[in-house]
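Below: the structure, in structure tokens.
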Amino acid sequence: MSLVRQLIRKNIEELVPYSSARDEYSGDDAVFLDANENPYNSGTNRYPDPSQSKVKVKISQLKNISFERIFLGNGSDEPIDLLMRAFCEPGKDNIISIKPTYGMYKVCANINDVEFREVLLNDKFQIDKEGIAKVADSNSKLLFICSPNNPTSNSMYRNDIIYLLETFTGLVVVDEAYIDFSGETSLLAQLDNYPNLVVLQTFSKAWAMAGVRLGMAFASREIIDVLNKIKYPYNINILTQRLVLERLDKVDEKNKWVENILKQREILRVELGKSGLVENILPSDSNFLMVRFREAKRVFNYLMDKKIIVRDRSKVALCEGYLRITIGLSDENESLLKALSEYKN
Ligand SMILES: *Cc1c(COP(=O)(O)O)cnc(C)c1O
């Protein structure tokens, strides 16, 4: 029996998915009297392509991965949720993740009534492999590894992720939302080697398209087929598909943005390091810095008063005293530094 057949919930395996009108004919040049749409061309009167073929063809070329191994969702949040709904039996199965990490995994697990087991990172902010082995059991269906990790900003060791791919009996979901800002390479190239690997990426960060909500999941064809079977038929709207299609022709611009952000990250790191208010800055592989302040909460409120909004992570496990600061434009970063220089102890 295949891995997916072993792990999938019975109701999902047996599900007959909704078949939409546009599933049956997907050409452009027909007379469409099948979907009860309004025939007047408003620009958005037609339903979007439910399989997002044009967008996927471009992503497939860009990432050198076959069309059938790409799932597109309403943000990364959609594949996160669908993976849980497809593979985790509420009240019975469980999910494992590192801690601290991206908050949506836990929220999604709670919504789906799936037990969530968290394993604290070690003192190097790296994965505690033994800790994960200890909490894993035959009902552990998904393991979420965010790398580079939010909020700790560092990449998890590649060898540790590979070890987990080789030993964990469920699916290993590697969230690469920040991969463009990282010195590490993506795990996409490992998909052929690990049928239990799911890689998540997004248009929300490097691509500067958080507003259109487009997330990607890459995995074996069998896993992707499951996600496609249970998604809302028209989960990616026409405007998103159109804008992303255009944006995918501007890879150079995205790369330039990333390059600039990385330069700014280094400048900000050096300058913050000189501030007497700052105790520590974690090594970052992402588009933000985790900065420990002597008086984190007070600095946070002070910046807020100056209309500079950062993220208070000072109550998060292992992140006591840390504020998470996204890298902005140079003048925005300078405003931050100026405000901090005027802070009165
Ligand atoms: C920002 C972020 C995402 C992106 O989520 P979207 O729903 O695609 O906007 C995913 N994972 C992590 C860890 C993030 O920080």
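When a ligand or atom number is given, it counts from 1 through the structure's own listing order.
Counting protein heavy atoms only, atom 15 (O) of ligand 1 is closest to Y178 OH, 2.6 Å. What sits closest to atom 14 (C) of ligand 1 on the protein, heavy atoms only, is K205 NZ, 3.2 Å. Closest to atom 7 (O) of ligand 1 among all protein heavy atoms lies R213 NH2, 2.6 Å.
Among G75, S204, G103, the residue whose heavy atom sits closest to atom 9 (O) of ligand 1 is S204. With distances taken over non-hydrogen atoms, the option nearest atom 12 (C) of ligand 1 out of N150, D175, N74 is D175.
Looking at E266 and R269, a side-chain N of the basic residue comes within less than 4.0 Å of a carboxylate O on the acidic one, giving a salt bridge.
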* Walk me through it: do E166 and Y194 pass the test side chain to side chain contact (heavy atoms under 4.5 Å, CB included)? => CA-CA 8 Å; E166 286 177 353; Y194 299 103; 2.8 Å; yes
* To do: Go through D34 and Y47 one step at a time and tell me if the side chain to side chain contact (heavy atoms under 4.5 Å, CB included) criterion holds.
  => CA-CA 11 Å; D34 58 343; Y47 280 102; over 6 Å; no
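An N or O contact shorter than 3.5 Å links S76 to ligand 1 by distance.
The distance from ligand 1 to the heavy atoms of D77 drops below 4.0 Å at these ligand atoms: 7 (O). Residue A177 has at least one heavy-atom neighbour below 4.0 Å for each of these atoms of ligand 1: 2 (C), 3 (C), 10 (C), 11 (N), 12 (C), 14 (C). Interface atoms of ligand 1 facing C146, defined by a heavy-atom separation under 4.0 Å, are 13 (C).
In this structure the side chain of N345 reaches within 4.5 angstrom of the side chain of E295, judged on heavy atoms.
Contact annotation: for M104 versus ligand 1, there are no heavy atoms closer than 4.0 Å.
Taking the ring centre of F87 as origin, the terminal cationic atom of K141 falls outside the region bounded by 6.0 Å and 45° from the ring axis.
When only modelled atom types and interatomic distance are considered, E176 and S186 share a side-chain donor-acceptor pair under 3.5 Å.
For residues 60-84, the pairs satisfying salt bridge (Lys or Arg N to Asp or Glu O under 4.0 Å) are R69-D192, D77-R213, D81-R85, with sequence neighbours left out.
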